[in-house]
Protein chains: 2
Amino acid sequence: MEKLPAKTVERLSEYRRTLINCKENGKEYIYSHELAQLHHKTAVQVRRDIMLMGFSGIQRKGYKVKEMIDAIGRILDCKNGQNVGIVGIGHLGTAILQYFTGKRPKLRVVAIFDVDEKKTGREINGVPCYHVDTIPEVVERENIDLGIITVPPKFAKETAEGLINAGIRGILNFTTVPLNVPEDVYLEEYDMITSLEKVAYFARG
Amino acid sequence: MEKLPAKTVERLSEYRRTLINCKENGKEYIYSHELAQLHHKTAVQVRRDIMLMGFSGIQRKGYKVKEMIDAIGRILDCKNGQNVGIVGIGHLGTAILQYFTGKRPKLRVVAIFDVDEKKTGREINGVPCYHVDTIPEVVERENIDLGIITVPPKFAKETAEGLINAGIRGILNFTTVPLNVPEDVYLEEYDMITSLEKVAYFARG
DNA sequence: ATTAAATTGTTAATTTATAAACAAAAAGAT
DNA sequence: ATCTTTTTGTTTATAAATTAACAATTTAAT
Ligand SMILES: NC(=O)c1ccc[n+]([C@@H]2O[C@H](COP(=O)([O-])OP(=O)(O)OC[C@H]3O[C@@H](n4cnc5c(N)ncnc54)[C@H](O)[C@@H]3O)[C@@H](O)[C@H]2O)c1
Ligand SMILES: NC(=O)c1ccc[n+]([C@@H]2O[C@H](COP(=O)([O-])OP(=O)(O)OC[C@H]3O[C@@H](n4cnc5c(N)ncnc54)[C@H](O)[C@@H]3O)[C@@H](O)[C@H]2O)c1
């Protein structure tokens, strides 16, 4: 199936988060303009995204929340789910781990890796923590597809290489060290400083 | 002065990070294609961004690293700097605080806020931690412009309102709770789940 | 029944972002 | 000196993303 535009994929993920919330609050239907307002987007944009993923609403009633959650799931989720490993379980790694637990059944954090012996060999937040040296075996055995890198900067490169050699398909990198990945590995990076500098720039007149 | 496109601003921030690194490694000049490669961008894009900010290189020699860092500073940095407050100093807040310290002299984290009495009333990472109830006074007194929200979700809304009432100009929100801000407050949001779902989507064929 | 209002779905237009093309300048090679 | 190569700077073209426009449908009101 043809891939959707990256921007649409991002928004679908965001819409789903909101829809799950709506569902928990007992909301059955939602209008495009409601969803738009919650995301500071236009209603047209929302409808266009929904159209692109091949879902339909009911005129004058809006979109069925439950069905739309499922429709987004058919786009974003892999049928049998995808397994995730986090490397470097310090402040940021722990924040991510906690944030993830229980949120997305199809995106399972099944392993975390560190070098600190106070952390390895036990479970943190219900997830086993392994020594980084075991990345090859564990990634293979646990069928880990995606890696999140939250190690100190100077270990970022070797961590990425380790994950890639172990057969990972996608990386989310929070160290702000430039990484080189082969074509068939998808790389996403995020830097809070960039976000804050953007806020700083646009916040002043 | 006219604002640059948001995408260009983001890239300038990223370029600067890399340039600072280059400078520390004693690199004096950099070519557009080198900078491009480090950021998985094209050389044309890099040159265009540089052109948009009104900076010039030297033909066949590239861009002077030190001068370009300064030029980006003239775009991104406020003359007298901007002060930042972080609200909610748990795992994520601490990760951000540590990550920031010392990195951007013009973007100073001058206060952190929490409700936990084990944290308030002392310094964390060299930054005083105040009780959230004192946001109005502290924001005023310390001349805080920008706020980062890393509180538990259910307190996100009131935190944002508190910051806005205290006169903040920009917010970086890591709780994934929809916020409403007045027109003159710039809001940026980030969700790691969205990033990872994007990686998951594009990482599979 | 008829009309009016609200809302979706889709096409068309516009705007923004990226890439291509190429002139100009500098450095080095012949 | 002249030519070739490399690299910047800028314009032009292409592509992507967003917004506008509007037809179609449903519901409610008169
Ligand atoms: N991009 C961003 O927005 C952003 C924000 C905050 C932090 N960071 C970066 O994220 C990383 C982690 O930040 P943090 O605050 O959690 O740091 P931290 O020091 O709290 O945690 C780092 C963890 O990595 C472990 N570690 C060290 N070497 C390792 C190795 N070779 N392999 C595996 N694990 C190893 C440590 O034992 C520790 O548990 C740092 O690189 C930091 O600069 C990025
Ligand atoms: N957007 C993302 O990518 C992302 C990732 C991880 C976590 N999060 C979110 O960030 C937030 C913080 O995550 P965390 O892992 O650091 O949680 P945490 O529990 O470790 O930290 C929360 C902190 O907020 C403090 N706090 C509680 N109520 C407060 C209030 N009313 N005012 C000020 N401070 C208060 C607590 O004392 C604690 O120190 C959560 O909302 C979490 O969901 C977002």
Side-chain angles (χ1 to χ4, degrees), chain A residues 2-15 18-19 22 27-72 75 188-189 194 198 201-202, chain B residues 2-15 18-19 22 27-72 75 188-189 194 198 201-202:
Chain A
E2 267 305 294
K3 290 280 173 191
L4 296 174
K7 284 293 178 68
T8 295
V9 170
E10 279 180 33
R11 284 189 298 260
L12 290 178
S13 164
E14 289 162 10
Y15 299 157
T18 300
L19 291 168
C22 288
K27 195 169 168 69
E28 274 193 71
Y29 288 89
I30 192 165
Y31 296 126
S32 59
H33 66 260
E34 290 178 300
L35 201 43
Q37 211 222 331
L38 292 166
H39 291 275
H40 310 107
K41 302 267 143 64
T42 67
V44 182
Q45 175 112 87
V46 170
R47 292 205 299 274
R48 201 170 206 296
D49 289 331
I50 292 171
M51 184 186 86
L52 286 177
M53 75 163 170
F55 183 68
S56 288
I58 301 167
Q59 279 189 347
R60 285 225 29 156
K61 282 189 96 172
Y63 301 89
K64 250 197 150 156
V65 172
K66 200 182 156 316
E67 282 184 14
M68 187 161 156
I69 291 172
D70 294 343
I72 296 177
I75 302 285
E188 176 87 9
E189 315 201 281
T194 294
K198 195 174 154 195
Y201 179 81
F202 287 107
Chain B
E2 267 304 294
K3 290 281 172 188
L4 296 173
K7 284 290 177 70
T8 296
V9 170
E10 279 179 33
R11 284 189 299 259
L12 290 177
S13 164
E14 289 161 10
Y15 299 155
T18 300
L19 291 167
C22 288
K27 196 168 169 69
E28 274 195 70
Y29 288 88
I30 192 165
Y31 295 127
S32 59
H33 66 259
E34 291 178 300
L35 201 44
Q37 211 222 331
L38 292 167
H39 291 275
H40 310 105
K41 301 268 144 64
T42 68
V44 183
Q45 175 105 85
V46 170
R47 292 205 298 275
R48 198 170 209 296
D49 289 331
I50 293 171
M51 183 186 88
L52 286 177
M53 76 163 169
F55 183 67
S56 289
I58 301 165
Q59 279 190 348
R60 288 231 18 166
K61 282 189 94 171
Y63 302 89
K64 252 200 150 157
V65 171
K66 199 182 156 318
E67 282 185 13
M68 187 161 157
I69 292 171
D70 294 343
I72 296 177
I75 303 286
E188 176 87 9
E189 315 201 283
T194 293
K198 196 175 153 195
Y201 179 82
F202 287 108

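Letters go in sequence order (proteins before strands), and every chain restarts at 1.
- A heavy atom closer than 4.0 Å to some atom of DNA chain D occurs in A:Arg48, A:Gln59, A:Arg60, these being the qualifying members of residues 47-66 of chain A.
- In this structure, CZ of A:Arg11 is placed 15 Å from P of D:dA16, rounded to the nearest angstrom.
- Between A:Tyr201 and B:Leu4 the shortest side-chain heavy-atom distance falls below 4.5 Å.
- Following rounding to the nearest Å, A:Tyr31 (OH) and C:dT8 (P) show an atom-to-atom distance of 8 Å.
- Atom-to-atom, NZ of A:Lys3 to P of D:dA16 comes out at 17 Å; the value is rounded to the nearest Å.
- Judged by distance alone, with hydrogens and angles left aside, the side-chain atoms of A:Lys64 form no donor-acceptor pair with the main-chain N or O of A:Ile58 at under 3.5 Å.
- No option in A:Ile72, A:Asp49, A:Ile50 other than A:Asp49 meets the side chain to side chain contact (heavy atoms under 4.5 Å, CB included) test with A:Arg11.
- Residue B:Leu4 contributes atom CG, which lies 14 Å from atom P of C:dT16 at whole-angstrom precision.
- Going from atom NZ of B:Lys7 over to atom CG of B:Leu52 covers 14.0 Å, rounded to the nearest 0.5 Å.
- Look at CD1 on A:Ile30: it is 14 Å from C1' on C:dT7, rounded to the nearest Å.
- Whole-Å rounding puts the A:His40 NE2 to D:dT18 C1' distance at 18 Å.
- If you find the closest nucleotide of DNA chain D to A:Val44 and to A:Ala6, the one lying nearer the 5' end belongs to A:Ala6.
- When the shell of 6.0 Å around NZ of B:Lys66 is examined, it contains 12 or fewer heavy atoms from other residues, nucleotides or ligands.
- B:His39 has its NE2 atom 17 Å from the C1' atom of C:dT18, to the nearest Å.
- At the heavy-atom level, A:Ser32 lies under 4.0 Å from the strands shown only through sugar-phosphate atoms.
- Atom P of nucleotide C:dT15 and atom CD of A:Gln45 are separated by 16 Å, given to the nearest angstrom.
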Identify all side-chain donor-acceptor contacts of residues 30-40 of chain A below 3.5 Å with residues at least two apart in sequence or on another chain.
{"from": "A:Ser32", "atom 1": "OG", "to": "A:Arg47", "atom 2": "NH1", "distance (Å)": "3.2"}
{"from": "A:Glu34", "atom 1": "OE1", "to": "A:Tyr31", "atom 2": "N", "distance (Å)": "2.7"}
{"from": "A:Glu34", "atom 1": "OE2", "to": "A:Lys27", "atom 2": "NZ", "distance (Å)": "3.1"}
{"from": "A:His39", "atom 1": "NE2", "to": "A:Thr18", "atom 2": "OG1", "distance (Å)": "2.6"}
{"from": "A:His40", "atom 1": "NE2", "to": "B:Leu179", "atom 2": "O", "distance (Å)": "2.9"}

